[in-house]
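Only one structure is covered here, and it is reproduced in the block below.
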Amino acid sequence: MMSDISNKRQEVFLKGKEGSECTINLHGATVTSWKNKGEEILFCSEKALLDGSKAVRGGIPLVFPNFGPWTLGPQHGFARIKKWREDDAASQSGDGACSKVFVLEDDEETRKLWNERFRLEYTVKMEENKLTTSLKIYNKGESAFSFTTLMHTYFRVDDIDKSGVKGLKGVSYDDKVDGGQHVEDRETVRIDKNYDRIYKNCPGPVELIPDVDKPGLSRKLIASNLNDIVVWNPWAEKAKSMSDFGDDEYHNMVCVEAGTVSEQVSLAGNSDVVFSQQIIVVDQHSKM
Ligand code: TA6
């Protein structure tokens, strides 16, 4: 008898050596945890809902087919709140890597919102010191469709006041809090208030430095086809307004999100495109 799976955790695990483990919830195919050699790299709110009632507040929610407020449906689109299925046949493991593949296709519910035929194939690959998330988007229809997409990665930090983001100097950004367009002039962006910025057409990898007093430690984000970087922290006031986020949890997270959001992507009928990010744990002090 089919259980009511919408109310149960539907988790899939990738297990590696030395305490490395990745957890993916079929709700939104959301990576909810990545422990690299036992160290949790991602942030997931203790109040996050995993029962399918709303997007997971943490990990790596997937944004498709629309980043931000959407006249046709829920903010950030439906991909992060739909139930995905695991493609068992595509799972792989060996030579120090293991991966799982998840699939979402259009259905009556999505077509009511966005009348397009699509197939999404999402691959989560875990290696030592690296997590790669790749999203392949197929347009199953005959005519082109347009979308924006983003990997909404929540990184864990011990203390937001000590953290910083490198690699954004000289990049223009839309400031969604204070308004206007600006150019970043800092080598390291420090977060000291509500940040909600879209850095556009970033030339290269960005790095999250969890503690600027330990510059040898970072999380390097190398994106492919995802040229915009969103930096977000709700800070104190917004944190209090979020029921699935602890009032003080803003101290322990920062979102650094690779996406293509500043312009719509047009995908021709019967074709596909791949977007991916590599998150690399850098520890320059570790033994080579
Ligand atoms: O990525 C930044 C952002 O667009 C913010 O504006 C904020 O809304 C955040 O996403 C979280 O959105 P959510 O719909 O998950 O509450």
Side-chain angles (χ1 to χ4, degrees), residues 34 36-37 39-43 58-60 63 67-68 129-133 148 150-239 248-263 275-288:
W34 171 38
N36 181 61
K37 298 178 188 170
E39 180 189 18
E40 179 60 73
I41 304 301
L42 303 177
F43 167 89
I60 310 177
V63 172
F67 172 78
N129 300 327
K130 188 192 291 186
L131 186 75
T132 304
T133 56
T148 50
L150 169 133
M151 297 180 181
H152 200 294
T153 309
Y154 288 72
F155 287 98
R156 209 194 140 278
V157 295
D158 289 336
D159 180 350
I160 188 69
D161 298 338
K162 292 190 172 181
S163 68
V165 182
K166 292 180 74 171
L168 294 170
K169 185 172 182 179
V171 180
S172 66
Y173 66 89
D174 294 345
D175 189 329
K176 290 167 58 184
V177 176
D178 298 329
Q181 291 221 349
H182 311 268
V183 176
E184 185 54 66
D185 60 3
R186 294 170 292 177
E187 286 295 338
T188 304
V189 173
R190 305 294 295 272
I191 318 280
D192 55 2
K193 58 181 178 179
N194 174 202
Y195 260 59
D196 195 350
R197 299 182 175 187
I198 303 174
Y199 288 86
K200 299 182 284 187
N201 299 313
C202 299
V206 297
E207 277 191 284
L208 167 67
I209 316 291
D211 184 339
V212 292
D213 295 331
K214 299 175 185 166
L217 297 177
S218 72
R219 284 75 171 102
K220 182 177 275 191
L221 204 160
I222 301 175
S224 168
N225 251 351
L226 297 169
N227 301 323
D228 302 324
I229 295 288
V230 175
V231 177
W232 178 61
N233 183 295
W235 216 250
E237 197 177 322
K238 280 191 182 299
D248 295 329
E249 286 189 313
Y250 71 94
H251 289 287
N252 300 113
M253 54 72 69
V254 55
C255 283
V256 183
E257 313 157 20
T260 173
V261 301
S262 51
E263 287 177 15
F275 304 91
S276 71
Q277 67 174 358
Q278 294 179 42
I279 304 171
I280 300 165
V281 175
V282 177
D283 178 351
Q284 288 165 0
H285 306 298
S286 67
K287 292 184 289 302
M288 296 308 287

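Computation of the quantities below employed the complete heavy-atom set of this structure, encompassing side-chain atoms and omitting hydrogens, waters and symmetry-equivalent molecules.
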[X] side, atom [atom1]; [Y] side, atom [atom2] - distance, nearest 0.5 Å:
{"X": "Y195", "Y": "C255", "atom1": "OH", "atom2": "SG", "result": "15.0 Å"}
{"X": "D228", "Y": "F67", "atom1": "CG", "atom2": "CZ", "result": "9.0 Å"}
{"X": "D161", "Y": "D211", "atom1": "CG", "atom2": "CG", "result": "11.0 Å"}
{"X": "E263", "Y": "N201", "atom1": "CD", "atom2": "CG", "result": "6.5 Å"}
{"X": "T132", "Y": "I222", "atom1": "OG1", "atom2": "CD1", "result": "9.0 Å"}

Which heavy atom of [X] sits nearest a heavy atom of [Y], and at what distance?
{"X": "V183", "Y": "Y173", "answer": "C-CE2, 3.9 Å"}
{"X": "P210", "Y": "S218", "answer": "CD-CA, 4.0 Å"}
{"X": "Y199", "Y": "V189", "answer": "OH-CG2, 3.9 Å"}
{"X": "S163", "Y": "R190", "answer": "O-NE, 3.0 Å"}
{"X": "V206", "Y": "G167", "answer": "CG1-O, 4.0 Å"}
{"X": "T260", "Y": "N225", "answer": "CB-O, 3.9 Å"}

Option among Q277, Q278, K220 that satisfies the side-chain contact (heavy atoms from CB on, under 4.5 Å) test with P205: K220
Among D283, I279, N129, I280, which one satisfies side-chain contact (heavy atoms from CB on, under 4.5 Å) with N36? N129
Side-chain heavy-atom pair [X], [Y] within 4.5 angstrom cut-off:
{"X": "R219", "Y": "V282", "value": "no"}
{"X": "L221", "Y": "L208", "value": "no"}
{"X": "I60", "Y": "L131", "value": "yes"}
{"X": "N233", "Y": "M253", "value": "yes"}
{"X": "V231", "Y": "I191", "value": "yes"}
{"X": "L168", "Y": "C202", "value": "yes"}
{"X": "V281", "Y": "W34", "value": "yes"}
{"X": "V63", "Y": "T148", "value": "no"}

Hey, mind stepping through L226 and L150 against side-chain contact (heavy atoms from CB on, under 4.5 Å) and telling me if it holds? CA-CA 7 Å; L226 297 169; L150 169 133; over 6 Å; no
Aromatic plane relationship, W232 with Y154 - under 30° parallel, 30 to 60° tilted, over 60° perpendicular: perpendicular
Is the shortest side-chain N to carboxylate O distance from D175 to R197 below 4.0 Å? yes
Taking the basic N atoms (NZ, or NE/NH1/NH2) and the acidic carboxylate oxygens, is any pair closer than 4.0 Å for R156 and D158? yes
Counting only heavy atoms not in [X], do more than 12 sit closer than 6.0 Å to its [atom1] atom?
{"X": "K200", "atom1": "NZ", "answer": "yes"}
{"X": "E187", "atom1": "CD", "answer": "no"}
{"X": "K37", "atom1": "NZ", "answer": "yes"}
{"X": "K176", "atom1": "NZ", "answer": "yes"}

Please walk me through it: do Y250 and N194 pass side-chain contact (heavy atoms from CB on, under 4.5 Å)? CA-CA 9 Å; Y250 71 94; N194 174 202; over 6 Å; no
Determine whether V165 and I209 satisfy the following criterion, side-chain contact (heavy atoms from CB on, under 4.5 Å), listing intermediate values before the conclusion. CA-CA 6 Å; V165 182; I209 316 291; over 6 Å; no
